[in-house]
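Comments concern the structure below.
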Amino acid sequence: MSKENTQVLKQRREKADSLADLGVNLYSNAFTPANRIKELPPKGEHLEAETQDETNYTYSIAGRIMTMRKFGKAAFFNIMDSSGRIQVYVKKADTGDDVFATFKKWDIGDIVGIEGKLFKTKVGELSVRADKLIMISKSLRPLPEKFHGLTDVETRYRQRYVDLIVTPESRETFKKRVDIVRLMREFLSNRGFMEVETPMMHPVPGGATAKPFRTHHNALDMDLYLRIAPELYLKRLLVGGFERVFEINRNFRNEGLSTRHNPEFTMLEFYQAYATYTELMDLTEQMISWICDEVNGTMAIEYQGTQVNLAPPWKRMTMDEALIKVAGIDAAILADDEKVIALAKEKGIQLEDQAGPGKAKTELFELLVEEKLIDPTFVTAYPTEVSPLARRNEENPEVTDRFELFVTGRELANAFSELNDPVDQRQRFEKQIAEKGNDEEIHHEMDEDFVRALEYGMPSAAGEGIGIDRLVMLLTDAPSIRDVILFPHLKPEVQKQSKKKKKGKD
RNA sequence: GGGUCGUUAACUCAGCUGGUAGAGUAUCUGACUUUUAAUCAGAGAGUCGCGCGUUCGAGCCGCGCACGACCCA
């Protein structure tokens with residue numbers, strides 16, 4: 001990168017050098033603004049065009065120069081800080097010849113400090129008339145074009161810092177993300193949930209079925225796995241007597257990337273003792289609809305051109321009901337194990353030999369129903385066959401006390417009443433290990449300590465996971481998960497080869 | 001993994017049927033004390049993603065590779 005030597009970069013460096021020769025500190029740490037830019041408009045609101053603030057107060061602001069309009073002996077430019085943007089007017093007569101001479105070498109992109117008084121221009125734009133000008137950080141690279149901005153998504157992801165400078169929508173998205181997570185914490189805290197931090201490095205990967213990242217601890221000389229889910233640790237805390245816990249943090253899965261998958265992603269997981277999955281449906285619709293309203297000012301939003309209404313109550317249906325009502329499958333077929341499997345095959349679903357009707361139903365659901373669930377919908381009564389961690393329904397052991405939440409055709413949350421029978425849990429672990437699939441990287445291991453914890457007694461409980469990235473996508477109308485992750489994973493940039501070498505000379 | 005599309009100046013994009021590479025913004029020089037996509041005059045800036053091939057000649061055609069986007073698995 002440092003080898004880049006384009007004309008523009010050379011000119012910028014030369015200009016910086018010439019400023020330094022004039023005695024300007026290009027990277028000064030001596031200016032601290034007393035004001036944020038957003039404080040100024042209310043102070044100058046009342047001013048008439050072409051009048052100056054009668055209080056004659058001197059404001060002090062700092063920020064990045066975003067536009068520049070220079071004249072012979074004066075200039076207008078806009079500076080932006082994290083709170084807003086304002087126009088600054090510089091006049092040679094105000095600053096003196098020497099300062100104005102250095103100002104002439106300021107560029108778009110420089111970070112500067114300004115002291116001056118408020119006034120309105122003849123077209124009525126509130127501006128700061130600069131008395132003092134201080135260079136805080138000289139920019140050596142040109143910013144993207146002011147009119148079109150930065151449209152190349154690859155550059156926006158790789159150089160997020162540039163994206164954030166020039167793309168207001170991108171700044172808004174990430175501010176909203178911060179708000180969403182803050183509100184989530186507030187909502188859960190208000191309901192007595194404790195936020196906890198459990199290990200990110202696990203000796204035994206568990207709590208989900210996914211390929212883990214493996215790492216190695218040198219001093220202990222042991223392999224560790226970046227966690228694929230915090231579930232088993234949060235449940236240990238239920239055993240310990242913390243009745244409501246949550247964690248918002250990263251999970252890592254060593255799988256493919258897509259517009260909906262990043263290898264590290266953020267999950268909210270929370271557990272509530274003595275609750276059932278039904279209560280979590282209530283909690284979930286309250287939480288998400290409230291957050292949406294707080295962040296967007298409405299519960300009726302648009303996602304990628306589709307209207308979505310998040311106002312509660314949300315639809316609830318069992319998987320069978322969804323297959324009947326949404327996919328139009330005959331109830332008689334669903335009641336017959338062989339017919340369900342036959343139907344799945346007829347629809348082109350490939351089922352393994354040992355797959356039962358539960359698997360067939362789930363596949364049919366994914367194929368025919370999921371994408372049609374636009375407004376939020378809780379789908380309950382997942383087949384036991386596909387829900388190894390969930391508690392069986394006490395009336396119908398074929399299904400579990402579980403729901404998944406779908407919005408805009410996408411899974412947003414997964415929850416169930418938790419299994420707390422240590423004997424059953426041990427058997428399920430053993431079954432998973434015995435059925436070890438053909439994928440070497442997804443390996444289930446017996447978590448002896450977790451079973452031991454359950455043997456002490458875990459209260460009945462319900463637990464849920466919500467994908468924060470997907471929720472942020474929904475609430476910010478972002479088409480790709482990379483638009484809501486500040487630094488998404490991409491393959492490494494290829495460094496340009498600096499020279500062509502002729503081969504074959506020896 | 002498969003398919004489609006993209007990669008040209010710092011940024012946004014043109015580039016015809018294969019014949020010496022274009023614009024706007026940005027930059028530089030000059031003019032300019034109320035502009036706001038400032039204006040006016042002039043100038044510089046490119047290994048056309050990388051490699052190989054076809055051709056007298058390739059930004060353009062063919063093959064391969066890299067990176068990215070979208071769709072599919």
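Quantities reported herein were computed from a predicted structural model and do not represent experimental measurements. Naming: A, B, ... by sequence-line order, numbering from 1 per chain.
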Are side-chain N/O atoms of A/Arg177 and A/Thr266 paired as donor and acceptor at under 3.5 Å?
yes

Is the shortest side-chain N to carboxylate O distance from A/Arg64 to A/Asp110 below 4.0 Å?
no

When all nucleic acid strands are considered with a 4.0 Å heavy-atom cut-off, which category describes A/Arg482: base, sugar-phosphate, or nothing?
sugar-phosphate

Just call it for A/Asp152: base, sugar-phosphate, or nothing, with non-hydrogen atoms closer than 4.0 Å on any strand.
sugar-phosphate

Under 3.5 Å donor-acceptor pair, A/Gln87 side-chain atoms to B/U35 base atoms:
yes

Figure out the NZ/C1' separation between A/Lys104 and B/A31, and round it to whole Å.
10 Å

Paired to B/A41 by Watson-Crick or G-U wobble criteria (both distances under 3.5 Å) is B/U29

Using a 4.0 Å heavy-atom cut-off, does A/Leu150 contact any base of the nucleic acid, only the sugar-phosphate backbone, or nothing at all?
sugar-phosphate

Does B/C61 have a Watson-Crick or wobble partner in any strand here, with both distances under 3.5 angstrom, and which is it?
B/G53

Under a 3.5 Å threshold, yes or no: a donor from one side chain and an acceptor from the other, between A/Glu264 and A/His489?
yes

Whole-Å C1' distance, B/A9 and B/G59:
14 Å

When you get a sec, tell me which of B/A26, B/U33, B/C11 is the closest nucleotide to the side chain of A/Pro142?
B/A26

In whole angstroms, how far is the C1' atom of B/A26 from the CD atom of A/Glu145?
8 Å

Pair assignment for B/U34, Watson-Crick or G-U wobble, requiring both distances under 3.5 Å
none

Given atom CG of A/Asp483 and atom P of B/G68, what is their separation to the nearest angstrom?
15 Å

Given that A/Val153 and A/Gly124 both sit by RNA chain B, which one's nearest nucleotide is further toward the 5' end?
A/Gly124

To the nearest Å, how far apart are A/Glu154 CD and B/U12 P?
11 Å

Return no unless some side-chain N or O of A/Arg12 is found under 4.0 Å from OP1 or OP2 of B/A26.
no

Looking only at the side chain of A/Leu490 (C-beta and beyond, no hydrogens), which of the listed nucleotides B/C28, B/A69, B/U34 gets closest?
B/A69

Can you tell me the pairing partner of B/G18 across any strand shown, Watson-Crick or G-U wobble, with both distances under 3.5 angstrom?
none

Compare the minimum distances between each of B/C28, B/G68, B/A10 and the side chain of A/Val8, then state the nucleotide with the smallest one.
B/A10

Give the rounded distance in Å between these two atoms: NZ of A/Lys91 and P of B/U35.
14 Å

Between A/Asp163 and A/Ser170, a side-chain donor and acceptor under 3.5 Å:
yes

What's the gap between B/G15 and B/U54 when it is taken at their P atoms, as a whole Å value?
29 Å

Watson-Crick or G-U counterpart of B/G46, or none if no pair lies under 3.5 Å:
none

Length of the CD-P vector between A/Glu371 and B/C72, whole Å
9 Å

Which of these nucleotides, B/C67, B/U35, B/A10, is closest to any side-chain atom of A/Phe71?
B/U35

Counterpart base for B/U4, defined by Watson-Crick or G-U wobble contacts under 3.5 Å
B/A69

For A/Ile108 and A/Ala74, take the nucleotide of RNA chain B holding the closest heavy atom to each; which residue's nucleotide lies nearer the 5' end?
A/Ile108

Any idea which of B/A37, B/C70, B/A45 is nearest the A/Thr259 side chain?
B/C70

Is the base of B/U12 touched by the side chain of A/Thr151 through a donor-acceptor pair closer than 3.5 angstrom?
no

Just checking A/Glu125: base, sugar-phosphate only, or nothing, at a heavy-atom cut-off of under 4.0 Å?
base

Suppose we define a pair by two distances each less than 3.5 Å, Watson-Crick or G-U wobble; what does B/A23 pair with here?
B/U12

Answer yes or no: is there a side-chain heavy-atom contact under 4.5 Å between A/Met473 and A/Asp483?
no

I'd like to know if A/Arg12 and A/Asp107 make a salt bridge, using a cut-off of under 4.0 Å between side-chain N and carboxylate O.
yes

Measure up the A/Phe76 and A/Tyr89 rings against each other and bin them: parallel (under 30°), tilted (30 to 60°), perpendicular (over 60°).
parallel

A/Arg69 CZ to B/U25 P, in whole Å, measures 15 Å

Span that lies between the P atom of B/G3 and that of B/G44, in whole angstrom
46 Å

Protein-nucleotide distance (A/Ile349, atom CD1; B/A73, atom P), rounded to Å
11 Å

Select one nucleotide: of B/C28, B/A45, B/U25, the one nearest the side-chain heavy atoms of A/Gln7.
B/A45

A/Lys491 side chain near B/A66 phosphate (N/O to OP1/OP2, under 4.0 Å):
no

Side-chain N or O of A/Lys70 versus OP1/OP2 of B/C28: is the shortest distance under 4.0 Å?
no

Do you see a donor-acceptor pair shorter than 3.5 Å between the side chains of A/Asn296 and A/Thr298?
no

Which of the following nucleotides, B/C67, B/A45, B/U33, is nearest to the side chain of A/Arg158?
B/C67

Measuring to OP1 and OP2 of B/U35, would you say a side-chain N or O of A/Lys122 lies under 4.0 angstrom away?
yes

